Amino acid sequence: MSATHSEVPTLHGMMAEFADERSLIAGIERAKADGFTDMEAYTPVPSHDVIHALGVKNRFAALVFCGGLLGSCAGFALQYMVSVELYPVNIGGRPLNSWPAFIVIVFECTILFAALTAVIGMLFLNGLPQPYHPVFNVPQFARASQDRYFLVVHASDPKFDARTTRERLAAAGPLSVAEVQN
Amino acid sequence: MSANTPHTSGGHDGHGATPAVEQRYPVIGPGLTVESMTAKISSLVLTREIDRGWFLLLSIAGMGVMMLGVSIGWLLLRGVGIWGINEPVAWGFDIINFVWWIGIGHAGTLISAILLLLRQEWRTSINRFSEAMTLFAVMCAGMFPLFHLGRPWLGFWLFPLPNTMSMWPQFRSPLMWDVFAVSTYATVSALFWYVGLIPDFATLRDRAQNKVGKVILGMAAMGWRGATQHWARYEVAYLLLAGLATPLVVSVHTVVSFDFAVGVIPGWHATIMPPYFVAGAVYSGFAMVLTLLLPTRAAYKLHDFVTQRHIDNMGKVMLATGLIVAYGYAMELFFGWYAGSTAEGFMVQNRLFGAASTSYYALIFCNILTPQLLWFSAVRRNLLLMFGISIVVNIGMWLERYVIVVTCLERDFLPSSWGDFHPTIWDWSLFLGTISFFLFMMLLFIRFIPMMPIFEMHALLPKSQSHARLARGGQAGETLQAHTH
């Protein structure tokens, strides 16, 4: 597939296709040994070993925790404002800030905000939805969602050079190596 | 790197069963490979012809949906007086059906979230199916309180929105808690379901043959490409959603039970209500999963994915939750006597010997006696019997809510305020209409959405595959199709 841009297509990176997770990890280790740092792997299933091999870390859980905390505060603030300030109803002289009765909604708001943070945050940080990405220009990549494992060394890597990178990746014994056009 | 054993390196899998059980009832059929499994599940959506049986069922359910439309239309024109509700039984079928549907939905969340956290790997193949069930059940449930409002177009008054009357909702009321619990539940269930679907939509997108399918599935997948960075966040998000959905599902039916327990009506005002409602919800939900899954499994030949092990396990969960429910009934009777309150004592007497006692005995038969058959593994292996029991439990759980709502309201403290409830044809048509709507949505679901999580199912395979792979020496360059046993 060729890029449809009118300007000269630039390279996104070099892609190697592997048959299984183990050969992909071997490929990653080899590429790291070759000094490449700017890489991404594509797998049909989440793999802890691949995540570990690439050294991917995130503090996503902390974000979700903050979302939940915000939800608790918002839930309580809403009920306090409504019950004490905006619409106080005196029922037999009972306290207006009857916090035990507010627990349920505080809890539900916590869950709601945390869940929304988890999903929207995951999509946003992953840059999804994304209608176009260069990796899809490689025909073999259609199997990345099924049973093949891919490693892409990005063109932005300081050690990247189209010819030598291709050779380096081919040395890892992949099924195929392809240029990824932008 | 540790060899190809992702199940020991902290993936989704766990070791829920002893090797003996594993051997007797495998979680997944033998001889499946990544390729054949992906092909089978996605072909159900992508390449299957529209078969006659499916179309016939969809048409019948579609007629039921029209009946639902007529029932709602007439209701909006004439008001809630077309139902059998009255004073004192102001909560008739609406609340019975609301509680029933919400309860059915709970099994979906239990299977998708709680069993995920408990590392019960067998849940994977029935996960998506039961989550879909949750969503549609919550839709059905939501209709009832909305239309019970009488003027459903003013339903937004339930939400804390600034308005020209300067009125605000009463946050100390369980009915208000219900609004928050159920809407949160619907939102989180939908999110959980969709997040699980994203990688599968990507798989389908890449397998789709026709252009239209590719575009639609491509949009649904949102450009998912399986990058490791993405998977890392995805896994955290999915696990956290499961962790959030777990207390949520318990809270939702607890809040539903508060609708009763916070009231003063004899038979409602009891602390046993929350645990007993939650157990009942799971009980009826598992029954509904079986009711729907057994015919689907037979029709689409899913015996490799939904094995005897699933049916056996679901039978056991039903037995366990059924016993908790039985304990709840026993405690209701005990406290009717022990509380020493005239009204509570009379409630029990009325239930056992009063005019409405038939429904109580039918309930005992459906919910307590019938499920005792599940003690026998021969029964749990008999698909026809399991299907029958699941239907009986569904009916029994509906009767439970009928007994709680109607018989308690019919006879409260003052004999002068007693009354009787007789459902009208519109009560029944709305109820049957929601059942049709539910089946209609389920039929659309099994046709247009992969009914099993493809990428999660991969995790079930390595156990059998790693042997083959190790035996071959695991060279790169071989296709996975070569994995045969």
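Letters A, B, ... are given to chains in the order of the sequence lines, protein chains preceding strands, and every chain is numbered from 1. Computed from a prediction, not measured in an experiment: that's the story for all the values here.
Expressed to the nearest 0.5 Å, how far CD1 of A:I51 lies from CD of B:Q229 amounts to 9.5 Å. Remark: B:W231 CH2 to A:S47 OG distance equals 10.5 Å, nearest 0.5 Å. Rounding to the nearest 0.5 Å gives a distance of 5.0 Å between CG of B:L244 and CD1 of A:I111. With rounding to the nearest 0.5 Å, the separation of OG1 in B:T228 from NE2 in A:H52 is 13.5 Å. Note that the CD atom of B:E235 and the CZ atom of A:F60 stand 12.5 Å from one another [nearest 0.5 Å].
If you run side chain to side chain contact (heavy atoms under 4.5 Å, CB included) between B:L191 and each of A:V119, A:L112, A:I120, only A:V119 comes through.
Scanning all heavy atoms of the two residues, the minimum distance from B:L241 to A:A115 falls at CD2-CB, 3.7 Å. Annotation for B:A232 and A:V56: closest pair CB-CG1, 3.7 Å, computed over non-hydrogen atoms. In plain terms, the two heavy atoms of A:A118 and B:A237 that are nearest each other are O-CB, 3.8 Å. A pairwise comparison of heavy atoms in B:A202 and A:S145 identifies O-OG, 3.6 Å as the closest pair.
Contacts between B:S166 and chain A at a heavy-atom distance below 4.5 Å involve the backbone alone (N, CA, C, O). If you measure heavy-atom distances from B:R205 to chain A, the contacts under 4.5 Å come from the side chain alone. The parts of A:L125 that come within reach of chain B are both its backbone and its side chain, each placing non-hydrogen atoms under 4.5 angstrom from that chain. With a 4.5 Å cut-off on non-hydrogen atoms, A:E40 touches chain B through its side chain but not through its backbone. Looking at A:V135, only its side chain comes within 4.5 Å of chain B, counting heavy atoms on both sides. Proximity to chain A is limited to the side chain of B:I198, based on heavy atoms less than 4.5 angstrom apart.
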Evaluate side-chain contact (heavy atoms from CB on, under 4.5 Å) for B:D206 paired with A:Q146, printing each intermediate quantity in order. CA-CA 8 Å; B:D206 295 341; A:Q146 298 170 52; 3.8 Å; yes
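Note on B:T254, B:T187, B:V236, B:V179: by heavy-atom pairs under 4.5 Å with chain A, the leading option is B:V236. The greatest number of non-hydrogen atom pairs below 4.5 Å with chain A, out of B:P160, B:A181, B:P162, is found for B:A181.
B:F180 has its side chain within reach of A:C109: a pair of non-hydrogen atoms, C-beta onward, lies under 4.5 Å apart. Counting heavy atoms from C-beta outward, A:E108 and B:L248 have side chains that approach closer than 4.5 Å. Looking at A:M122 and B:V195, their side chains come closer than 4.5 Å, going by heavy atoms from C-beta outward.
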Quiz: residues 63-77 of chain A side-chain donor-acceptor pairs under 3.5 angstrom, not counting sequence neighbours:
unit_1: A:S72; atom_1: OG; unit_2: A:G68; atom_2: O; d: 3.0
unit_1: A:S72; atom_1: OG; unit_2: A:T110; atom_2: OG1; d: 3.0

Return all side-chain donor-acceptor pairs below 3.5 angstrom for residues 94-107 of chain A, not counting sequence neighbours, or 'none' if the list is empty.
unit_1: A:R94; atom_1: NH1; unit_2: A:I91; atom_2: O; d: 3.2
unit_1: A:S98; atom_1: OG; unit_2: B:R172; atom_2: NE; d: 2.6

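Side chain to side chain, B:R233 and A:N126 meet the donor-acceptor criterion of an N or O pair below 3.5 Å.
Residue pairs meeting the side chain to side chain donor-acceptor pair (under 3.5 Å) criterion with at least one member in residues 190-200 of chain B, sequence neighbours excluded, are B:R128-B:D200.
Contacts between residues 216-226 of chain B and chain A, counted as heavy-atom pairs separated by less than 4.5 Å, involve B:M222, B:G223, B:W224, B:R225, B:G226.
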